[in-house]
Amino acid sequence: MKKVQEEIRTLGGKKEFLEEDDVQKFPYFKAVIKETLRLHLPAPLLVPRETSESCTIDGYEIPAKTIVYVNAWAIHRDPKAWKDPHEFIPERFLDSTIDFGGQDFEFIPFGAGRRICPGIPMTIASLDLILANLLNSFDWELPAGMKKEDIDTEMLPGFTQHKKNPLSVLAKPPMRDKTPTFKSPRLQA
Ligand code: HEM
């Protein structure tokens with residue numbers, strides 16, 4: 001958290017509101033989003049498919065008209081593809097060209113092929129903008145007495161992943177805001 005906030009607050013030019021172009025200057029922030037989509041992909045089994053003809057995959061014969069699920073959750077944690085696959089290590093994406101565009105089959109949070117999610121640009125633009133501004137504008141703390149090891153990542157069963165128990169966090173204005181470089185008209189009013 002500290003590392004990504006430092007990047008945003010240093011490279012973001014101390015702006016009060018970051019725009020889409022600003023976020024493109026934050027490689028570590030981008031890596032954090034990728035690593036989150038690797039470990040906690042919203043659709044862990046993608047969207048089911050039906051085979052149009054029989055085929056053989058990895059020695060298994062799949063008859064025509066079979067419903068097939070791609071276990072992207074398992075692919076994203078495959079030790080043959082990822083070092084320390086269960087660990088949250090955004091740095092693994094820094095010197096890597098692996099992206100979610102459907103060309104790198106070890107990382108497919110939006111699927112791949114001709115039915116790949118068409119919402120990628122909208123998703124990434126919204127995630128970038130909302131998350132970068134939340135990290136820029138606030139410091140985040142766990143409620144008193146709670147340690148980071150206590151964060152519960154349990155999910156409800158379902159087609160898309162939803163947290164079983166809500167996450168409680170405290171948003172605090174960062175210390176640097178004691179002497180703001182820019183005051184919005186809203187704050188001055
Ligand atoms: C984090 C956000 C999102 C994730 C992880 C996600 C993931 C996916 C996945 C895994 C698929 C199936 C692709 C496949 O099986 O190969 C899919 C399909 C689809 N997604 Fe998304 N999606 C997201 C956001 C969106 C948004 C914002 C939109 C619309 C604005 C959208 C629209 C669609 C549509 C229409 C399909 C069906 C495409 C088809 O079957 O041709 N998605 N998405």
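This structure is a prediction, so every number in the text was calculated from the model and none was measured. Read the numbers this way: they start at 1 and go in the same order the structure lists the ligands and their atoms.
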Checklist outcome for this item: d(K65 NZ, S54 OG) to nearest 0.5 Å is 13.0 Å

Under 4.0 Å from a heavy atom of [X]: give me the atoms of ligand 1 that qualify, with their elements.
X	value
G111	10 (C), 13 (C), 14 (C), 16 (O)
A112	16 (O)
M122	30 (C)
L46	10 (C), 15 (O)

Checklist outcome for this item: Logged contact type for C117 with ligand 1, heavy-atom cut-off 4.0 Å, is both

Checklist entry - Where does R115 meet ligand 1, judged by heavy-atom distances below 4.0 Å: at the side chain, the backbone, both, or neither? => result both

Checklist entry - Would R114 count as a contact of ligand 1 if the rule is a heavy atom under 4.0 Å away? => result no

Checklist entry - Judged by non-hydrogen atoms, does P109 sit under 4.0 Å from ligand 1? => result yes

Checklist entry - Evaluating non-hydrogen atoms only, which member of G119, P118, A125 is closest to atom 19 (C) of ligand 1? => result P118

Item to check | Check: E6/Y28 side-chain N/O donor and acceptor closer than 3.5 Å | outcome: no

Item to check | Pairing residues for L45 by the side chain to side chain contact (heavy atoms under 4.5 Å, CB included) criterion, not counting sequence neighbours | outcome: Y69, N71

Checklist entry - According to a 4.5 Å side-chain heavy-atom criterion applied to Ile, Leu, Val, Met, Phe, Trp and Tyr, with indirect links allowed, do V4 and L39 form part of one hydrophobic cluster? => result yes

Checklist entry - Parallel, tilted or perpendicular for H86 and W73, by the 30°/60° rule? => result tilted

Checklist entry - So do the side chains of L37 and P42 get within less than 4.5 Å of each other, counting heavy atoms only? => result yes

Next on the checklist: Within the 4.5 Å heavy-atom criterion, are K25 and D22 side-chain neighbours or not?
Outcome noted: yes

Next on the checklist: Using only atom types and a distance under 3.5 Å, with no angle test, would you say the side chain of N133 pairs donor to acceptor with the backbone of L18?
Outcome noted: yes

Checklist entry - Is a salt bridge present between D152 and K164, judged by a nitrogen-to-oxygen distance below 4.0 Å? => result no

Suppose we measure from [atom] to each protein heavy atom; which comes out shortest, and what is that distance?
atom	result
atom 12 (C) of ligand 1	V47 CG2, 3.3 Å
atom 27 (C) of ligand 1	T123 OG1, 3.4 Å
atom 6 (C) of ligand 1	F110 CD2, 3.6 Å
atom 15 (O) of ligand 1	R49 NH2, 2.7 Å

